[in-house]
Amino acid sequence: MKNKKLVAFMMAAVLGIGSLSVSMYTGKDTKLPDFPTEITVEAAAAPSATTLASAVKKAYGKNYLPSYKLGATEIKDRYGVASSLYSSVYAEVPMMTAHVDELVIFQAKNDASKKQIKKAVKKYQKQLKESTMQYPMNLLKIQGSKVYTNDNYVCFIMLGSISKKTEEQGSDSDIIKAYQKQNKKAVNAMKKQLK
């Protein structure tokens, strides 16, 4: 008889503790722990102009000829772009004046500065194309140069080499198209970095 009472008492105690634990998580006065309902993922920082230039150099390998990096004053003198308009820049030209290869990448600070930079770079390209002081062998390469924009980046590209056969036997139009195709390598290299 005592055993039956003891068992009944134990059963009542177990049931009481169980209902107490349930009420702790479902009662009015009890608050369940807060769990985040959304996760915030920070956007990756935009690559610098130097990072994009490294990708371009890798794409061209030994055919990348620019080797003289321009400073802020030289950039302003050459392209008409003040340092206050960009957050990063990479501008490189060849050491030898017989070559015209160059790569310029501006990372504009905002949309307004991007417009100003693009206008200045287009003006620079136009002056190159109209200049009569160029080596004859460079005239068509200059015609094939490219001004490329992507997000807040404004770039001037005049890179690469074409086959001797195209150079010697191709029409002016064929040669310009071949240089334009060469510049596309730089565009593709930058696009991969900006995905």
Side-chain angles (χ1 to χ4, degrees), residues 44 46-70 74-75 78-81 85-108 111 113-195:
S48 69
T50 303
T51 301
L52 295 182
S54 295
V56 170
K57 287 182 181 188
K58 190 176 177 184
Y60 286 90
K62 64 180 182 180
N63 288 324
Y64 183 85
L65 297 180
S67 55
Y68 177 73
K69 197 170 174 194
L70 302 176
E74 293 168 304
I75 289 167
R78 190 176 184 118
Y79 306 103
V81 178
L85 296 174
Y86 53 82
S87 52
S88 72
V89 65
Y90 191 93
E92 200 168 35
V93 296
M95 290 289 277
M96 295 173 55
T97 56
H99 297 293
V100 291
D101 293 50
E102 61 185 281
L103 173 66
V104 188
I105 303 169
F106 292 101
Q107 185 180 14
D111 286 341
S113 60
K114 179 186 174 182
K115 283 179 187 174
Q116 290 181 59
I117 293 169
K118 186 177 178 182
K119 185 178 177 182
V121 172
K122 285 270 193 188
K123 183 180 177 184
Y124 170 76
Q125 183 189 38
K126 187 179 178 192
Q127 288 170 343
L128 278 182
K129 287 182 175 183
E130 292 174 353
S131 173
T132 55
M133 301 299 290
Q134 300 290 344
Y135 286 98
M137 64 183 183
N138 293 328
L139 291 173
L140 297 176
K141 187 167 197 167
I142 291 167
Q143 297 302 314
S145 64
K146 180 161 186 68
V147 175
Y148 169 67
T149 60
N150 186 328
D151 197 22
N152 270 2
Y153 300 90
V154 179
C155 314
F156 179 71
I157 308 162
M158 191 159 51
L159 299 169
S161 58
I162 61 173
S163 70
K164 280 279 184 199
K165 184 179 178 183
T166 305
E167 223 172 50
E168 293 168 359
Q169 299 173 17
S171 67
D172 287 359
S173 176
D174 291 336
I175 294 169
I176 291 169
K177 281 177 185 172
Y179 280 123
Q180 288 171 337
K181 191 175 179 182
Q182 282 295 303
N183 292 328
K184 190 80 174 158
K185 279 187 193 177
V187 170
N188 292 337
M190 286 188 271
K191 277 183 178 176
K192 283 181 186 174
Q193 295 295 312
L194 296 170
K195 278 184 179 178

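Val89 is listed as a side-chain neighbour of Ile75, based on a closest heavy-atom distance under 4.5 Å. Tyr135 places none of its side-chain heavy atoms less than 4.5 Å from the side chain of Lys141. Proximity of Pro66 to Met95: side-chain heavy atoms (C-beta onward) are nowhere separated by under 4.5 Å. In this structure the side chain of Gln125 never reaches within 4.5 angstrom of the side chain of Val121, judged on heavy atoms. With contacts defined as side-chain heavy-atom distances shorter than 4.5 Å, the pair Arg78/Val93 qualifies. At least one side-chain heavy atom of Leu70 sits under 4.5 Å from a side-chain heavy atom of Tyr79. Annotation: side chain of Met158 is not in contact with side chain of Asp101 (no heavy-atom distance under 4.5 Å).
A salt bridge does not link Glu74 to Lys69: none of the charged side-chain nitrogens sits closer than 4.0 Å to a carboxylate oxygen.
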Under the side-chain contact (heavy atoms from CB on, under 4.5 Å) criterion, do Phe106 and Leu85 qualify, and how do the steps go? CA-CA 9 Å; Phe106 292 101; Leu85 296 174; over 6 Å; no

Working for side-chain contact (heavy atoms from CB on, under 4.5 Å), residues Asn188 and Lys184: CA-CA 6 Å; Asn188 292 337; Lys184 190 80 174 158; 3.9 Å; yes

Should Ser145 and Glu102 be marked as a side-chain contact (heavy atoms from CB on, under 4.5 Å) after you check the CA-CA gap, both sets of side-chain angles, and the distance that decides it? CA-CA 9 Å; Ser145 64; Glu102 61 185 281; over 6 Å; no

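Residues meeting the side-chain contact (heavy atoms from CB on, under 4.5 Å) test with Lys177, sequence neighbours left out: Ser173, Gln180. For Lys146, there are no side-chain hydrogen bond (donor to acceptor under 3.5 Å, both in side chains) partners, not counting sequence neighbours. Scanning for side-chain hydrogen bond (donor to acceptor under 3.5 Å, both in side chains) contacts around Asp174 gives Ser171, with sequence neighbours left out. Checked against salt bridge (charged side-chain N to carboxylate O under 4.0 Å, His left out), Lys185 has no partners two or more places apart in sequence or in another chain.
With values rounded to the nearest 0.5 angstrom, Lys123 atom NZ is found 13.0 Å from Leu128 atom CG. Between atom CG of residue Leu159 and atom CD of residue Glu92 there is a gap of 9.5 Å, rounded to the nearest 0.5 Å. With rounding to the nearest 0.5 angstrom, the OG atom of Ser161 is 3.5 Å from the CG atom of Asn63. Atom CG of Leu194 sits about 5.0 Å away from atom CG of Leu52, to the nearest 0.5 Å. Note that NZ of Lys191 and NZ of Lys195 are 10.0 Å apart. Values are rounded to the nearest 0.5 Å. The OH atom of Tyr60 lies 8.5 Å from the CG atom of Leu103; values are rounded to the nearest 0.5 Å.
No more than 12 heavy-atom neighbours from other residues, nucleotides or ligands sit within 6.0 angstrom of NZ on Lys115. Heavy atoms from other residues, nucleotides or ligands lying under 6.0 Å from NZ of Lys118 number 12 at most.
Pairing each heavy atom of Ala55 with each of Ala189, the nearest pair is O-CB, 3.7 Å. Taking all atoms of both residues into account, the shortest heavy-atom contact from Gly144 to Ile176 is CA-CG2, 4.0 Å. Counting all heavy atoms, side chain and backbone alike, Gly80 lies closest to Ala120 at O-CB, 3.9 Å. The two residues Gly160 and Gln182 have their closest heavy-atom pair at CA-OE1, 3.3 Å.
Between the side chain of Ser88 and the backbone N or O of Ala49 there is at least one donor-acceptor pair closer than 3.5 Å.
Counting only residues at least two apart or in different chains, ring-ring contact (aromatic ring centres under 6.0 Å, His included) contacts with residues 155-190 comprise Tyr124-Phe156. Within the structure, the side chain to side chain donor-acceptor pair (under 3.5 Å) test picks out the following pairs touching residues 150-160 (sequence neighbours left out): Gln107-Tyr153, Tyr148-Asn150.
Under 3.5 Å, the side chains of Thr51 and Ser54 contain no donor-acceptor pair of N or O atoms.
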